[in-house]
A.B. asks: 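This is the structure, below, for whatever I ask next.
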Amino acid sequence: VLTFNLIIKALCKMGLVDRAIEMFRDMPYKNCTPDVYTYSTLMDGLCKEDRIDEAISLLDEMQIEGCFPNPVTFNGLINGLCRRGDMARASKLVDNMFLKGCIPNEVTYNTLIHGLCLKGNLEKALRLLDRMVSNKCVPNHVTYGIIVNGLVRQGRVADAALVLESMEERGRHPNEYIYSSLVNGLFKEGNSKDAMRLWQEMIEKRFKPNTVIYTALIDGLCRVGKPDEAKKLMIEMTTKGCIPN
RNA sequence: AUCGUACCAAAAGU
């Protein structure tokens, strides 16, 4: 089973979901019974191809075969629906998940919060974050990254900065994703001072800068009419092992 | 016996 699961996962990653399904259908003839990993991997692969209805029918099929879905099984499906923007069906699936005795975990919440952010519904996303906490789920750096980025994309950079502060108050350290999102947001709003200040802060905290953040800085400096500073950064980045693309 | 497989977030360009 383990071997099959690994192959099925690899095929799904390469976008060869149909080949993965063939493998899966072949398993019973090779004396292997698909387990919850097999189904979850396959369903996630289908969802990534936006073939959600096929994934849902696998959810029924697995239960008929006596295999019980776990939270990860549901998370994949919920993610598929969220990316499609179908939050109504996504939350129905959460209800379904409870009925099957599965408790939403932090990934479930992150997925739903991300879905709401994609729709630009930050108010609902923030409310869900509260509910997450009251349900004893601890927001992680991914959660904060989603929220910060969601706020930045709505142009609510100041609010995003507040989230960063509150996260530090809770003793959680932002990662480079969160910094680059915020630096980019500050530049987009024309606030190059704070953007550069945040960048300095990042360096002081010994974060390893990457190509993405350098690109954001260079783009930002050019936008505010400082091409020579941008040029300096472009030289600096290669000395730090970041390759311009 | 131990170990081993699954789900979520960032820039620009086109």
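Note on naming: letters A, B, ... go to the chains in the order of the sequence lines (proteins, then strands), and numbering restarts at 1 for each one. All values below come from the heavy atoms of this structure, side chains included, with hydrogens, waters and symmetry mates left out.
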A.B. asks: For A:L46 and B:A6, give me the distance from atom CG to atom C1', rounded to whole Å.
C.D. replies: 14 Å
A.B. asks: Once each nucleotide of nucleotides 7-14 of chain B is scored for protein heavy atoms under 4.0 Å, what B/S/- sequence comes out, 5' to 3'?
C.D. replies: BBBBBS--
A.B. asks: Rounded at 0.5 Å granularity, tell me how far NZ in A:K226 sits from CG in A:L233.
C.D. replies: 11.5 Å
A.B. asks: Centroid-to-centroid, A:F207 to A:W199, below 6.0 Å?
C.D. replies: no
A.B. asks: Return the value, rounded to whole Å, for the distance between atom CG of A:L2 and atom C1' of B:C3.
C.D. replies: 11 Å
A.B. asks: Can you tell me how far the CE atom of A:M237 sits from the OG1 atom of A:T211, to the nearest 0.5 Å?
C.D. replies: 4.5 Å
A.B. asks: With A:F24, which residues qualify under ring pair (Phe, Tyr, Trp, His ring centres under 6.0 Å), at least two apart?
C.D. replies: A:Y39
A.B. asks: Going by side-chain contact (heavy atoms from CB on, under 4.5 Å), name the residues that satisfy it together with A:T143, two or more places apart in sequence or in a different chain.
C.D. replies: A:N110, A:I113, A:L129, A:M132, A:P139, A:N140
